[in-house]
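From a predicted model like this one, the values you see are computed outputs, not experimental measurements.
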Amino acid sequence: MQQRQYFQHLSHRINSTTTSMLRHLAGVVILLFPVMVLALSAGRMAHASTPAGFLDMPDEYGKTIYRINADSPRQLYIIGIGHRSPETLAGPSSIVHTQMEIYRIGEWLHKNVDVNLLLPEGYFRNEEKSHEYGDTSVYHSTRLPSPRLDNDFLRQKLGSTTTFVNAEMLLMEYLRLPASQVEDRKIYNAVRTCLKSLNTAGRKSENVRPIAEELRSLQEKRTASILQKIPAVIEKEYHRGTIGNHSALFTIGLNHIEDIHTYIDSNHGYLNSASITEENNSGSRSRLNLLDSGYGITIILPRTLAADSDLLKMTRLDHLSLVSRIDSE
């Protein structure tokens, strides 16, 4: 009887102590709950603002609008650019700022992620001449790299009204970035011919429409052909000892970026476009070599272009004004 009373008394004390502890713990949880919520929210916000594979480039240079396979040792960085006319040296009023940003992006990629190969649109090697670059051999200077170019120097060089100079030329000359050709000569010349025809066609829609449709088709084939050739070009330069890794910077007009995004997103592009001047040429399609070779792909817009909402709409890039895919697969 005494033993049973003892255990009943002990059980009552344990229950009282447990209840007191639970009440105290509940009070602590209630007090800490707002702090826990804030901490979790801050964690989510930090993760959202720095996703996997985030390219930590200064905002004043440009904006990353697309990235895939960020962890791959093989990387292609694509910059959408605006053009000056080599004949008239003319361009939009913002072209100098845009060209300065392109140079800074290339400089940053060279110094921070070891990009040492330049693949410029409209570039042809050595004795061949390009509409945009002229005799490119003069840009392979043998002198030591210059110190970091200040903005005043860049503005003076890129704003010249007597000599055609663009950001790629300065990257080749002052950072000694080697350049390699990814253009197909036949497609490039066909596009130029089509552009000249469009300029002389007048304003009548019946004259302009078929030329514009042909130009659109040629530009799609040209873009796909370049993308298909890039892995082999990088591999060739790597085995030649020109570069020490499988990464490159590819610059191309903003009008091509939507097609590039489409090819990457669907993993398809034109495989064979060498016979475009022949009749009944059919653009056969094949898987994109870049992705099959395991390349990571980053698309960057210079800050001035990324901030131009009208231009983004005109080039159908407004839906890519925010990063549409950042992937570290």
Side-chain angles (χ1 to χ4, degrees), residues 55 57 59-68 76-86 88 90-106 119-123 131-132 158 166-168 182-183 187-188 190-192 194-196 198-199 201 205 208-209 211-227 230 249-266 268-270 283 288 290 297-326:
L55 190 64
M57 185 177 62
D59 291 338
E60 63 265 30
Y61 297 167
K63 182 176 184 179
T64 301
I65 63 169
Y66 187 96
R67 196 166 200 205
I68 186 172
L76 178 67
Y77 299 90
I78 303 172
I79 303 181
I81 64 175
H83 293 293
R84 292 171 65 191
S85 168
T88 65
S93 59
S94 60
I95 197 66
V96 173
H97 293 292
T98 301
Q99 287 290 313
M100 290 173 65
E101 290 157 5
I102 294 168
Y103 181 87
R104 291 298 183 211
I105 293 170
L119 308 174
E121 175 189 10
Y123 173 85
H131 174 61
E132 184 167 345
L158 295 168
N166 64 17
E168 291 95 322
V182 289
E183 287 277 7
I187 304 178
Y188 183 83
V191 168
R192 288 187 61 192
C194 198
L195 280 170
K196 289 179 181 178
L198 193 62
N199 289 335
S205 59
V208 173
R209 186 178 296 110
I211 301 175
E213 290 175 354
E214 180 186 4
L215 178 62
R216 173 66 178 170
S217 176
L218 287 172
Q219 290 285 44
E220 287 178 354
K221 291 180 181 181
R222 177 181 171 222
T223 304
S225 173
I226 289 173
L227 290 178
I230 284 176
L249 172 59
F250 171 44
T251 57
I252 191 166
L254 201 66
N255 287 324
H256 299 267
I257 297 299
E258 186 197 28
D259 288 337
I260 290 174
H261 172 261
T262 300
Y263 292 137
I264 296 171
D265 225 30
S266 64
H268 282 78
Y270 285 97
L288 191 62
L290 278 166
I297 303 169
T298 303
I299 301 176
I300 305 169
L301 299 186
R303 182 186 60 83
T304 300
L305 301 184
D308 190 335
S309 58
D310 291 336
L311 181 63
L312 294 179
K313 289 178 181 177
M314 185 173 66
T315 54
R316 301 172 300 280
L317 294 179
D318 47 319
H319 65 290
L320 289 177
S321 59
L322 297 175
V323 177
S324 61
R325 182 173 182 183
I326 294 186

Got a second to check how far [X]'s [atom1] is from [Y]'s [atom2], nearest 0.5 Å?
{"X": "Thr315", "Y": "Asp259", "atom1": "OG1", "atom2": "CG", "result": "11.0 Å"}
{"X": "Ile105", "Y": "Leu301", "atom1": "CD1", "atom2": "CG", "result": "8.0 Å"}
{"X": "Leu288", "Y": "Ile264", "atom1": "CG", "atom2": "CD1", "result": "6.5 Å"}
{"X": "Leu198", "Y": "Ile211", "atom1": "CG", "atom2": "CD1", "result": "6.0 Å"}
{"X": "Leu249", "Y": "Leu119", "atom1": "CG", "atom2": "CG", "result": "7.5 Å"}
{"X": "Leu312", "Y": "Ile65", "atom1": "CG", "atom2": "CD1", "result": "8.0 Å"}

Problem - Identified side-chain contact (heavy atoms from CB on, under 4.5 Å) counterpart of Thr304 within the set Gln99, His97, Met100 - result: His97
Handout entry: Between Gln219 and Arg222, a side-chain donor and acceptor under 3.5 Å
Key = yes
Practice task
Establish, from distance only, whether the side-chain atoms of His256 and Thr223 form a donor-acceptor pair under 3.5 Å.
Solution key: yes
Exercise for the section: Kindly say whether Lys221 contributes a backbone atom to a donor-acceptor pair with the side chain of Ser225 at under 3.5 angstrom? Expected result: no
Problem - Short side-chain to backbone donor-acceptor contact, Glu101 and Gly62, under 3.5 Å - result: no
Practice task
Mind running side chain to side chain contact (heavy atoms under 4.5 Å, CB included) on Ile78 and Ile297 for me, showing each step along the way?
Solution key: CA-CA 7 Å; Ile78 303 172; Ile297 303 169; 3.8 Å; yes
Considering all heavy atoms of both residues, which atom of [X] and which atom of [Y] are nearest to each other, and what is their separation?
{"X": "Asp318", "Y": "Lys313", "answer": "OD1-CA, 3.9 Å"}
{"X": "Leu317", "Y": "Glu258", "answer": "CD2-N, 3.8 Å"}
{"X": "Tyr188", "Y": "Gly122", "answer": "CE1-CA, 3.8 Å"}
{"X": "Ile230", "Y": "Leu290", "answer": "CG2-CD2, 4.0 Å"}
{"X": "Leu218", "Y": "Cys194", "answer": "CD1-CB, 4.1 Å"}
{"X": "Val96", "Y": "Leu158", "answer": "CG2-O, 4.0 Å"}

Practice task
List the steps and the verdict of side chain to side chain contact (heavy atoms under 4.5 Å, CB included) for Phe250 and Ile226.
Solution key: CA-CA 10 Å; Phe250 171 44; Ile226 289 173; 3.4 Å; yes
Taking the side chain as everything from C-beta on, heavy atoms only, tell me whether [X] gets closer than 4.5 Å to [Y].
{"X": "Pro302", "Y": "Ile79", "value": "yes"}
{"X": "Glu121", "Y": "Glu168", "value": "no"}
{"X": "Leu254", "Y": "Ile257", "value": "yes"}

Practice task
For Glu213 and Arg209, run salt bridge (charged side-chain N to carboxylate O under 4.0 Å, His left out): C-alpha distance rounded to whole Å, both residues' side-chain angles, the deciding distance at 0.1 Å, then the answer.
Solution key: CA-CA 6 Å; Glu213 290 175 354; Arg209 186 178 296 110; 5.1 Å; no
Practice task
Evaluate the side chain to side chain contact (heavy atoms under 4.5 Å, CB included) criterion for residues Ile102 and Asn166: first the C-alpha distance (whole Å), next the side-chain angles of each, then the deciding distance (0.1 Å), finally the verdict.
Solution key: CA-CA 9 Å; Ile102 294 168; Asn166 64 17; over 6 Å; no
Exercise for the section: List the steps and the verdict of side chain to side chain contact (heavy atoms under 4.5 Å, CB included) for Tyr66 and Asp265. Expected result: CA-CA 10 Å; Tyr66 187 96; Asp265 225 30; 3.2 Å; yes
